[in-house]
Every structure is written in structure tokens, then in C-alpha cells.
Visitor: 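Mind looking over this structure? Questions follow.
Note that ligands are numbered from 1 as they come in the structure, with each ligand's atoms numbered from 1 the same way. None of these values were measured; they are calculated from a predicted model.
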Amino acid sequence: MQVIEAGYAATGKKIAIVVARFNSFIVESLLSGAVDTLQRVGNIAAEDITVVRIPGAFELPLAVQRVAASKKYDAIVALGAVIRGGTPHFEYVSGECVKGIAQVAMQFDLPVAFGVLTVDSIEQAIERAGTKAGNKGGEAAMSALEMINVLEQL
Ligand SMILES: Nc1c(NC[C@H](O)[C@H](O)[C@H](O)CO)[nH]c(=O)[nH]c1=O
Ligand SMILES: CC(=O)[C@@H](O)COP(=O)(O)O
């Protein structure tokens, strides 16, 4: 049996983090977790991390696509926080966001980690942005690092 898997060290690789600013009090914690993970676990130098800031999660697919098309990066981490409100708007924003990001990864054959919270409450968002449910930004960064290394073996 052959098993292909990899670790997280990715020294010298270039990572773009595309950050949706909406709900910034949450998203900044996701960004902090992602950067810390890339540097501490992935051994990625600060100069090899690029942060791109955009308005909201709905804009993530277009921005991620443009970053992927630049061919400058070995992986992308997409961060945002979509928090359900009182209308169906949540479904449309989160649905288009995840669909669009997944399409970019397939189109450009590039690791695009999904670090966008889609939650029902601010409390759920806080739990997933560095408190009792971990930091989904850091988890997305871990995924990006591992995928860089696994794809290199395929
Ligand atoms: N409600 C949330 C949004 N809404 C804004 C959209 O993402 C978009 O920026 C706007 O519709 C203009 O095109 N965005 C989030 O990231 N999170 C939300 O909870
Ligand atoms: C995810 C959203 O767009 C949401 O925060 C907007 O809130 P509302 O549905 O009350 O307009």
C-alpha cells in the first residue's frame, strides 16, 4: 500500500491571505491565527506572506481568482466571517463565497484554503476565532501548508 501525505514546513513558499473586512473584529483574529501558523508551523518568512484586504465575503472569489491568476503564490488562504442576520442574505453571501472559491482552486490547480466562518451568531464566530473552538484562520493556514506539500508529491 502506498500512502501519500505530508507535513507543514514550507520554507520559501509564497502565501497570499485574502481577507474580507466585514465583521473585522472577528476577521482580524482569523488573520492573526493564520499568520502565526504560517510563520511558526510553516516556517514561512514574513516577506513571503502577502495580505490582500477586500470589503466582504461576496468579493472573495473575484479577489482570490485575481491572486491565483498572478501565478505569484504557492497557496491562498481566504478569510472572512459571514454571520447570519434576519434575512436570507446569509445564504446567498456564504453560498456564492464557498462556490466561487472552490472553483478558483480547481481552475488554477492551486491550494485555496477556506477560512471563512459561516455562523449563526456572533458568539459562534468568537468561539471559532481564537477561543474555545480554536482559530479557523490558523486551521485554514495549516490546510494550505499541507496541500502545498502533498500536491508536490502527485
Ligand atoms: N453580511 C456579511 C457580508 N455582507 C457583505 C457582502 O459580502 C458584500 O461585501 C456586499 O454585499 C457588497 O458586495 N459580508 C461578510 O463578509 N460577512 C457578512 O456577515
Ligand atoms: C450575512 C449577512 O449578509 C447578514 O449579516 C446581513 O444581515 P441581515 O440578513 O439582517 O440583513
Visitor: Return yes or no for this condition: an N or O of Ile83 is under 3.5 Å from an N or O of ligand 1.
Guide: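 Yes, there is a polar N/O contact under 3.5 Å.
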Visitor: State whether the shortest distance between N or O atoms of Phe22 and N or O atoms of ligand 1 falls below 3.5 angstrom.
Guide: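 For ligand 1, there is no N or O atom that lies under 3.5 Å from one belonging to Phe22.
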Visitor: Using salt bridge (Lys or Arg N to Asp or Glu O under 4.0 Å), reason through Glu152 and Lys13 one step at a time and then give a plain yes or no.
Guide: CA-CA 12 Å; Glu152 282 186 344; Lys13 300 299 185 182; 2.5 Å; yes
Visitor: Before you tell me yes or no, could you show the steps for Glu28 and Arg53 under salt bridge (Lys or Arg N to Asp or Glu O under 4.0 Å), namely the whole-Å CA-CA distance, both residues' side-chain angles and the distance that decides it to 0.1 Å?
Guide: CA-CA 11 Å; Glu28 288 306 310; Arg53 293 183 183 275; 2.6 Å; yes
Visitor: Give yes or no for whether the N/O distance cutoff of 3.5 Å, strictly under, is met between Phe58 and ligand 1.
Guide: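 Yes: some nitrogen or oxygen of Phe58 is under 3.5 Å from one in ligand 1.
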Visitor: Given Leu117, which of Leu30, Val82, Ile83, Leu79 fulfils the side chain to side chain contact (heavy atoms under 4.5 Å, CB included) condition?
Guide: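 Exactly one option meets the side chain to side chain contact (heavy atoms under 4.5 Å, CB included) with Leu117, and it is Leu30.
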Visitor: By number and element, which atoms of ligand 1 are closer than 4.0 Å to a non-hydrogen atom of Gly56?
Guide: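 Under 4.0 Å from Gly56, ligand 1 has these atoms: 7 (O), 9 (O), 16 (O).
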Visitor: Would you check if the side chain of Asn135 reaches a backbone N or O of Ala34 as a donor-acceptor pair within less than 3.5 Å?
Guide: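 Checked: no pair found.
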Visitor: So which heavy atom in the protein is nearest atom 12 (C) of ligand 1, and how far is it from that ligand atom?
Guide: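 Protein heavy atom at minimum distance: Glu59 OE2, 3.3 Å.
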Visitor: For Phe25, I'd like to know if atom CZ has over 12 heavy atoms of other residues, nucleotides or ligands within 6.0 Å.
Guide: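 Atom CZ in Phe25 is crowded, with more than 12 foreign heavy atoms closer than 6.0 Å.
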Visitor: A side-chain contact here means heavy atoms from C-beta on lying under 4.5 Å apart; do Pro111 and Ile76 qualify?
Guide: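 They are not in contact (no side-chain heavy atoms under 4.5 Å apart), so the answer is no.
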Visitor: Does His89, backbone or side chain, put an N or O under 3.5 Å from an N or O of ligand 1?
Guide: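 In fact, backbone or side chain, His89 has no N or O that close.
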Visitor: Measure the distance from atom 16 (O) of ligand 1 to every protein heavy atom, then report the residue, atom name and distance (to 0.1 Å) of the closest one.
Guide: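 So the nearest neighbour among protein heavy atoms is Ala57 N, 2.9 Å.
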Visitor: Report, as yes or no, whether the 6.0 Å neighbourhood of atom CZ on Phe58 holds more than 12 heavy atoms from other residues, nucleotides or ligands.
Guide: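 Open: at most 12 neighbouring heavy atoms sit under 6.0 Å from CZ of Phe58.
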Visitor: Within the side chain of Asp120, is there an N or O that forms a donor-acceptor pair under 3.5 Å with the backbone of Arg84?
Guide: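 It does not hold such a pair.
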Visitor: Which ligand 1 atoms, with their elements, are less than 4.0 angstrom from a heavy-atom of Asn23?
Guide: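 Here the atoms of ligand 1 in question are 17 (N), 18 (C), 19 (O).
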Visitor: So is there a nitrogen or oxygen of Ala81 less than 3.5 Å from a nitrogen or oxygen in ligand 1?
Guide: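 Such a contact does occur with ligand 1.
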Visitor: Strictly under 4.0 angstrom, heavy-atom based: which residues surround ligand 2?
Guide: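 Within the 4.0 Å shell of ligand 2, which is judged on heavy atoms, sit Val82, Ile83, Gly85, Gly86, Thr87, His89, Phe90.
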Visitor: Give the minimum heavy-atom separation between Gly56 and Phe22, together with the two atoms involved.
Guide: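 Shortest heavy-atom separation between Gly56 and Phe22 comes out as CA-CB, 4.2 Å.
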Visitor: Between Asn149 and Ala9 (side chain of the first, backbone of the second, donor and acceptor by atom type, cut-off under 3.5 Å), is there such a pair?
Guide: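 Between the backbone of Ala9 and the side chain of Asn149 there is a qualifying donor-acceptor contact (under 3.5 Å).
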